[in-house]
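We name chains A, B, ... by the order of the sequence lines, and we start the count at 1 in each one.
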Number of protein chains: 2
Amino acid sequence: MDDKNISQAVISRLPRYLRYLGELKDSNVERISSQELSQLMNVTASQIRQDFNNFGGFGQQGYGYKVNFLYDEIAKILGINKTHHLIIVGAGNLGQALANYMNFERRGFHFTGIFDRNEALYGKKIRDMYVQPMENLETFVKDNDIDIAVLTIPKDGAVKVADKLVRCGVKAFWNFAHVDLNVPDDIVVENVHLSDSLMKLTYNITRKEQENDI
Amino acid sequence: MDDKNISQAVISRLPRYLRYLGELKDSNVERISSQELSQLMNVTASQIRQDFNNFGGFGQQGYGYKVNFLYDEIAKILGINKTHHLIIVGAGNLGQALANYMNFERRGFHFTGIFDRNEALYGKKIRDMYVQPMENLETFVKDNDIDIAVLTIPKDGAVKVADKLVRCGVKAFWNFAHVDLNVPDDIVVENVHLSDSLMKLTYNITRKEQENDI
DNA sequence: TCTTGATTGACAAGTATTTAACAAATGCAT
DNA sequence: ATGCATTTGTTAAATACTTGTCAATCAAGA
């Protein structure tokens, strides 16, 4: 597996490949050509081959790709063959929803702690965790080998909390707060800005309406 | 406002501009140059000007951009100057979390109904709505001028429900189900695949680790 | 009113991404 | 075994996106 720098465009497509390959695996399909996969996924075969080749050849000429092998390789590339330990900061509706979503757990994402500044929530049981006060953050992170912090707090607090967590050694943020974190270069941030997503949706609604009016 | 086809790359950046402009507005900043904004947002000034010019010139040479005007124009482009009526299909944790998130409401997104197939939830009050059985979907959508359906159901049901909703006249989906909807051309879909996002995160964690090992 | 400095809009140059095309490699039928 | 059909990996072409540059324009001060 070469490691030049692969564009984020390619990376963004990998989870989708993984999903389709998972389904094929479940249907006991053993092999698939880029042509077939392209029809299934509604992309060009060329793009599929190009994407896979970023990581070295996974296929065989005249044969195609072995579904199982390809699936495992992509999973490895995405880093989901390992176990990750997460904490959730912000035990509001969204934080609780994520905590309860079992599919993450299945993929090796272990939610190990959940925190909130609202006293009323302290001790509340969410799945198998009890909501802890923010004061516990530092110790907990250090003691529990936490990879990823999920930020589901309002934007006002987010930047400060992120700074604090960086100092505690957290290497990655899954950021649902509607603000840009400002973290050092070696820290990974993946933003999920839901309202941005919703605005893209309304843009496209308006555009389609205009198209149809013409 | 010209209407060639603007790339989704540009559209994806608009909500972020809007956010920063909103903050400037709140701080009573009246004017800003692409230069200043670029420093604030950590992008190139050229990109900012290019982006805005897709929609016709919003600025003035020698002066810059009027924050208020620019904000309003972008809001208009994004279609958030209008009111939208949404239903949530799937009253699980995520559906409830979205229903309770007040910021959407402020932006003109009105959640008007919430549905689930789980009888145990029927009648449960979520914000100012009561969970309804799926059987009510069709009538409700037709009677309430629904724009957008939010799908927060497991993937198995999603495709079928989407088909049904298309037949009822829903024009847009905000899709949290981990599956690709297959809808006609004139229907808008915005996917929020949370697990994909999480995988991108772990990819980048692994990559950074490797970089640092070298 | 004129001049100066600032700043956009437009265009050109530079990158990056996507698609097409095809030779080389392989499986499979005969 | 042999040859044909298939399908990859790779290179080239096409397209899309981003950045740099600068003339035209405007605000503001003299």
Side-chain angles (χ1 to χ4, degrees), chain A residues 1-17 20-21 24 29-71 73-74 77 200 203-204 207, chain B residues 1-17 20-21 24 29-71 73-74 77 200 203-204 207:
Chain A
M1 193 204 301
D2 293 284
D3 212 43
K4 330 145 221 197
N5 60 329
I6 315 266
S7 83
Q8 288 295 311
V10 174
I11 304 307
S12 302
R13 285 191 290 267
L14 293 184
R16 187 155 179 264
Y17 291 131
Y20 277 84
L21 290 168
L24 289 167
V29 176
E30 276 187 17
R31 66 186 249 192
I32 192 157
S33 69
S34 58
Q35 184 58 234
E36 291 170 284
L37 191 57
S38 79
Q39 279 161 3
L40 204 59
M41 296 186 61
N42 220 24
V43 295
T44 63
S46 198
Q47 180 164 76
I48 291 177
R49 295 205 297 277
Q50 199 76 281
D51 281 350
F52 292 168
N53 264 82
N54 278 298
F55 308 96
F58 293 152
Q60 225 167 358
Q61 285 164 328
Y63 179 88
Y65 298 88
K66 299 218 174 200
V67 171
N68 271 293
F69 176 72
L70 190 52
Y71 180 93
E73 286 300 313
I74 294 179
I77 292 164
K200 270 195 279 175
Y203 170 82
N204 284 314
R207 190 172 59 83
Chain B
M1 191 204 306
D2 293 281
D3 213 43
K4 331 143 220 198
N5 62 328
I6 316 268
S7 83
Q8 288 294 313
V10 175
I11 304 307
S12 302
R13 284 192 290 267
L14 293 184
R16 187 153 179 265
Y17 291 131
Y20 277 84
L21 290 167
L24 289 167
V29 177
E30 276 188 15
R31 65 184 249 190
I32 192 157
S33 68
S34 58
Q35 184 58 233
E36 290 171 285
L37 191 56
S38 78
Q39 279 160 4
L40 205 59
M41 296 185 62
N42 221 23
V43 295
T44 64
S46 198
Q47 179 165 76
I48 291 177
R49 296 207 295 277
Q50 197 78 288
D51 281 350
F52 293 168
N53 264 82
N54 279 298
F55 307 97
F58 292 151
Q60 226 166 0
Q61 284 161 330
Y63 179 88
Y65 299 87
K66 298 217 176 201
V67 172
N68 271 293
F69 176 72
L70 189 52
Y71 180 93
E73 286 300 312
I74 294 180
I77 292 164
K200 269 195 279 175
Y203 170 83
N204 284 314
R207 191 173 58 84

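No more than 12 heavy atoms of other residues, nucleotides or ligands sit less than 6.0 Å from atom CD of B:Glu30.
To the nearest angstrom, P of C:dT26 lies 13 Å from NZ of A:Lys66. Atom CD in A:Gln8 sits roughly 14 Å away from atom P in D:dT18 (whole-Å rounding). A straight line from CG of B:Leu37 to C1' of C:dT7 spans 14 Å, rounded to a whole angstrom. In this structure, A:Asn42 atom CG and C:dT18 atom C1' are separated by 15 Å, rounded to whole Å. Rounded to a whole Å, the CD atom of A:Gln47 is 9 Å from the C1' atom of C:dT17.
The side-chain heavy atoms of B:Ile6 and A:Tyr203, taken from C-beta on, include a pair separated by under 4.5 Å. Residues A:Asp51 and A:Ile48 fail the side-chain proximity criterion, which asks for heavy atoms closer than 4.5 Å.
Between the CG atom in B:Asn204 and the NZ atom in B:Lys200 there is a gap of 8.5 Å [rounded to 0.5 Å].
OP1 and OP2 of C:dA16 both lie 4.0 Å or more from every side-chain N or O belonging to A:Ser7. Dashed line: the shortest gap from a side-chain N or O of A:Arg13 to OP1 or OP2 of C:dT18 is under 4.0 Å.
Screening B:Val67, B:Val43, B:Leu24 against B:Leu37 for a side-chain contact (heavy atoms from CB on, under 4.5 Å) leaves a single residue, B:Leu24.
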Short N/O separations, protein against nucleotides 6-10 of chain D, under 3.5 angstrom:
unit_1	atom_1	unit_2	atom_2	d
D:dT7	O4'	A:Gly62	N	3.1
D:dT7	O2	A:Gly62	N	3.1
D:dT8	OP1	A:Ser34	N	2.7
D:dT8	OP2	A:Ser34	OG	2.6
D:dT8	O2	A:Gln61	NE2	2.5
D:dG9	OP1	A:Phe58	N	3.4
D:dG9	OP1	A:Gly59	N	3.0
D:dG9	OP1	A:Gly59	O	3.2
D:dG9	OP2	A:Asn53	OD1	3.0
D:dG9	OP2	A:Tyr65	OH	2.9
D:dG9	N7	A:Arg49	NE	3.1
D:dG9	O6	A:Arg49	NE	3.4
D:dG9	O6	A:Arg49	NH2	2.9
D:dT10	OP2	A:Asn53	ND2	3.0

Check the pair B:Phe52 / B:Ile77 against side-chain contact (heavy atoms from CB on, under 4.5 Å), numbers first and verdict last. CA-CA 11 Å; B:Phe52 293 168; B:Ile77 292 164; over 6 Å; no
